[in-house]
Structures are given as C-alpha cells and as structure tokens.
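Worksheet: the structure to be examined is printed underneath.
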Protein chains: 2
Amino acid sequence: MQIKSPDCTVCQFRSMMFDSLSRDELGRLNTCKSQHLFGKGELIVREGSAIQAIIYLHKGLIKLHKTTSDGRSQIISIARPFDFVGLLSVFSNDLYRYSITAIEDSSVCFINKDCIHHEILNNGKFALDIIRRMSQATDDVLQAKFSLSMKHLRGRIAHILLDFAENIYNTLAFDLPVSRKEISELIDMRPENVIRILSEFRKDGIIRINGPEIVILKPELLRQISDAG
Amino acid sequence: MQIKSPDCTVCQFRSMMFDSLSRDELGRLNTCKSQHLFGKGELIVREGSAIQAIIYLHKGLIKLHKTTSDGRSQIISIARPFDFVGLLSVFSNDLYRYSITAIEDSSVCFINKDCIHHEILNNGKFALDIIRRMSQATDDVLQAKFSLSMKHLRGRIAHILLDFAENIYNTLAFDLPVSRKEISELIDMRPENVIRILSEFRKDGIIRINGPEIVILKPELLRQISDAG
DNA sequence: TGCAATACATGATAATTATCATGAACTGAT
DNA sequence: ATCAGTTCATGATAATTATCATGTATTGCA
C-alpha cells in the first residue's frame, strides 16, 4: 500500500544516506521516491525482477533472501531501519539478485534507480558515500557468513540469539521475529536442529522460551558457546 | 620488488578500470601508482594493516584470505588479471580486512587510495564505474560462497575443479595453483577430505592427476556432481 | 467453534564430515 | 646427496549433522 511520504529534506533518515546532498538535490530525489507499507510476510522485491529502485527501510524488519534451483531458501541478511540495504546488486545488475520480504510490518521507501545514478554522476561526495556504505554492508554480510561457517550448530544458534538481543532489540528479552525454519535458512542448518538446540539451551537454563518470546538468562554462557564455535 | 610500470595512458589494463577517465585524469593517476613483483607465496597485503592503496593484478594469480581468531585460515577468493580486487573494503574501513598473497609469481599495481578518492569526487562517471565493478565483485563472492554452502564435499570439489578449468585456465588440463590445504580453506572443508575426494574422482576416471597437473576427463559428470550438491 | 494447515518438539537412525594415526612422496636447504 | 619439514595419501573411528517418523501445539480461516 502506497502512503504519503515525508519530504526528503525533513526526513529523519536523511542523515543516514543523503547527508552529502544539497537542498536542491534532495528536492530532486523527492520527486522520484515513493513510500509503501508491507504487512508481515509480504514480498517487497522479487528476485529476478527488473531493478527499478533502491530501497531503504523506515520502519519494521525485512529479510533479503534467495531461492536456490532445488527450491531451498537461503536468508542473506536481516535489515532494520537505518541499515543500508537493497544496494547489494542494484548497480551491478539489471535484475535483483535477492528477494526482499517484510518479517515485521514495514514501511519502505523506494527511490528510483535512475535518480540515484543521476546524483552519483553529479555529486562525487555522494558517490563516495554510497561506495562507503555499500562496501561496509557487503563486508558485514561476508563477515557474518564466514564467521558462521566456522561454528558448530550450537555456536550458530548462540550467535544469532546474541545478535538479535544486541544488534536488533537491545534487550535480553524479545519476541523472535522469525520462525525456526527461517532461522535455519539464515544460519545454514535444518529446522529440526534449530528447535532441538533451542530446547537444549532452555533445558540448560541458558534461555527461557515463552511462546514467541525468548529471554536470555545467561548471556555470558551464550557468548562462550558462540565463541567456542 | 618495485619495477618500472607502464604509463597508465597506454596500459593494457586501462580499459578495465579507467575507461571513464580523461587523459588528464590518467596522467594524475600515473603519478601515484607503483608496480611491484611478488614471488609465489609472498604476502602482498597484510590483514589489519592500514589501507594505503587499491591494487590490481597485471600478471599472476593472487588469493584474498583471512585468519580467524583461533588461527585457522579462510580463502575469500582467488583473483586473476583483469579481475577487480582489493576494493572489498578499501572504502569502508581504514584497515585491510583481508590479506592478499601471491599464489603464482605476480605483478601488482598499487594506486594510492587518496588519488582514487580524488578522481571519484571529481568524475561521476568514474564513480559509477567503480560502484558497478565493486558491486559485481562482491556479488560474485557472495554468490560463490552461498552456492558452496549448499553442496556436499564432492559437489564442492567438482565445482572448484570446473571453476579452475573454465574460469581461470580455459582448458581441461591445468596445474593446480594451490595446495590441497588451500583448496580446503577456499571451500570450507578439511584437507584430508580434499585429498580423499580427489583420489575418488581419480579412481572413478573422472580426472587424472600427474603431480601438480589435473586433467578433467569427464567434465559433464563433474558438472553433474557439482549441480547435485 | 472446529478443521486444516503449519509450526514446534523429540526420538531413532542414517549420512556426512572431522579427527586421529600412520606412512609415502616430495621440497628446500645445508 | 641427505635430512627435515611439508604435502599427499589412506584407513579407522569419532563427532556432527541430516533425515525420517511421530506427535503436540498453535494459527488462520471457513
């Protein structure tokens, strides 16, 4: 659902991406953006479709994911507001390499690709900014994946729980935004094992599980398990 | 060892990276580059050291790699001349995230980071070019790693053999440029298993092994094993 | 409210992969 | 040429992870 979007010049996200644009440039961007609401589970971008816009997230939580030839799904990353997302192939390809789906009700801003190109061509500072953010974002994804591949299943679960607590929710008690199956797609294991290991952590008194809520009781121990691999 | 480097304006690699630069701009670049030779096994860039230059490869073969906290090594990617490399964090960080090592005798061009920054700031077309290449390069690495994580050991070995044959050497008979151990660091498994599976492939008549040389006898079968996972 | 579909849970077992041990072949340096 | 160190090679075994089977709880919807 499209909604009325704030003027770029007063948007709270301006400083995140568009700090290096002048008032005039922001005004131009304003004319080629639109904002949309997506319900939990709703597809925002379909892998393989033509790239028309870069996106960023005003509110909610989204996942980048892709489906492999044999029908299995992989989650590349989870992004929250202020994260730089959607550029992960916007400039290298005519087609989106990944799908994007809302995992919580989300408000998404679409900025036409050609407009961004235009500003890059005409504002070197902005270009350098984009390069920095892009570079950082892909570095982070790679970093996360490499670190995961070194860990055993328990270490991966420990890591992802701490990640949610520390980087997404900033609290040791939070509602899991994704199913066990989605966790399994994010950290490359089987859903049964996600469930099993969460149960083990519960039995060991490391976490508490109340329906969708996870409470981390022993973060130090979880950290230890994560670091051990 | 530093060597005399060709003038950027007549360099065969100009079209690869610097097509969008004017003669003047190329002239400026010329003053902030240097070219060096590295022997097989020699370290070109050390992970964690301050970023001073972007690099590209004139001749040879190099690997990007990193060492994890517990002392294990991972290879991010292997790059050959004309591949875009070294930017995988040059703009997001003050420190190199990865080491770079020559895996064949190599000739490497270093271009001062600040010079590149300067050109990006003043030439939007060049900036967009860099963004495209960077985006493509990181996409490729991510793609490769995600695809690997879906495969069993045999599939990974099959994949990497075909990759060498098709993308690096353009022939079904080639000398392996890396040890079994390095292969294991590239495709995330144990050296023993690399050796074992290569032996199996040999016994099955899929490949022939003559010392360092690998000859792929049944590429279709290898493809099948790679695709099956 | 009740039904169907999906998510969660757990045990038993199979498949895959890592580890350990041992020895041969190769490599580089004296 | 020889020795030491590394790489390559292979078997036996242990550890990890996936698969299958089965049942309960939860969710969405008619």
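In this structure, D204(B) CG and L222(B) CG are separated by 11.0 Å, a value rounded to the nearest 0.5 Å. To the nearest 0.5 Å, atom NZ of residue K113(B) and atom CD1 of residue I54(B) are 11.5 Å apart. Atom-to-atom distance recorded for I214(A):CD1 and I207(A):CD1 is 4.5 Å, nearest 0.5 angstrom.
I187(B) has its CD1 atom 17 Å from the P atom of dT16(C), to the nearest Å. Atom NZ in K151(A) sits roughly 18 Å away from atom C1' in dA18(C) (whole-Å rounding). For D188(A) and dT16(C), the CG to C1' distance is 14 Å, given to the nearest whole Å. When rounded to the nearest whole Å, the span between CZ of R190(B) and C1' of dT7(D) equals 17 Å. Here the C1' atom of nucleotide dG28(D) and the NZ atom of K40(A) are 13 Å apart, to the nearest Å. The interatomic distance linking M150(B) (CE) with dA18(D) (P) rounds to 11 Å, in whole Å. Distance I225(A) CD1 to dT16(D) P: 13 Å, rounded to the nearest Å. Regarding I157(B), its CD1 atom lies at a distance of 12 Å from the P atom of dC8(D), rounded to whole Å.
Qualifying salt bridge (charged side-chain N to carboxylate O under 4.0 Å, His left out) partners for K181(A), counting only residues two or more places apart in sequence or in other chains: E185(A). For R180(B), the side-chain contact (heavy atoms from CB on, under 4.5 Å) partners two or more places apart in sequence, or in a different chain, are L176(B), V194(B), I195(B), L198(B), I209(B).
L186(B) places a side-chain heavy atom less than 4.5 Å from the side chain of I78(B). In this structure the side chain of S149(A) reaches within 4.5 angstrom of the side chain of Q74(B), judged on heavy atoms.
The nucleotide whose nearest atom lies closest to any side-chain atom of E192(B) is, among dT10(D), dT17(C), dT17(D), dT10(D). Distance from the side chain of L153(B) is smallest to dA18(C) among dA18(C), dA18(D), dC20(C).
When each of H65(B), E182(B), K63(B) is paired with T101(B), the side-chain hydrogen bond (donor to acceptor under 3.5 Å, both in side chains) condition holds for H65(B) and for no other.
Residues N193(A) and H152(A) each lie close to DNA chain C; by heavy-atom proximity, the contact nearer the 5' end of the strand is made by N193(A).
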Set out, line by line, the N/O atom pairs under 3.5 Å between protein and nucleotides 28-30 of chain C.
none

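A salt bridge links R97(A) to D140(B): at least one charged side-chain nitrogen sits closer than 4.0 Å to a carboxylate oxygen.
The two residues G60(A) and S106(A) have their closest heavy-atom pair at CA-OG, 3.4 Å.
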Name the atoms and distances for all side-chain donor-acceptor pairs under 3.5 Å in residues 33-43 of chain A, with sequence neighbours left out.
from: K33(A); atom 1: NZ; to: S5(A); atom 2: OG; distance (Å): 3.4
from: K33(A); atom 1: NZ; to: P6(A); atom 2: O; distance (Å): 3.0
from: K33(A); atom 1: NZ; to: N30(A); atom 2: OD1; distance (Å): 2.6
from: S34(A); atom 1: OG; to: H36(A); atom 2: NE2; distance (Å): 3.1
from: Q35(A); atom 1: NE2; to: H58(A); atom 2: ND1; distance (Å): 2.4
from: Q35(A); atom 1: NE2; to: S107(A); atom 2: OG; distance (Å): 2.8
from: E42(A); atom 1: OE1; to: G39(A); atom 2: N; distance (Å): 2.7

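If you check residues 171-185 of chain A against DNA chain D, you find no residue with a heavy atom closer than 4.0 Å. The stretch residues 195-213 of chain A touches DNA chain C through I195(A), R196(A), S199(A), R202(A), each having a heavy atom under 4.0 angstrom from the strand.
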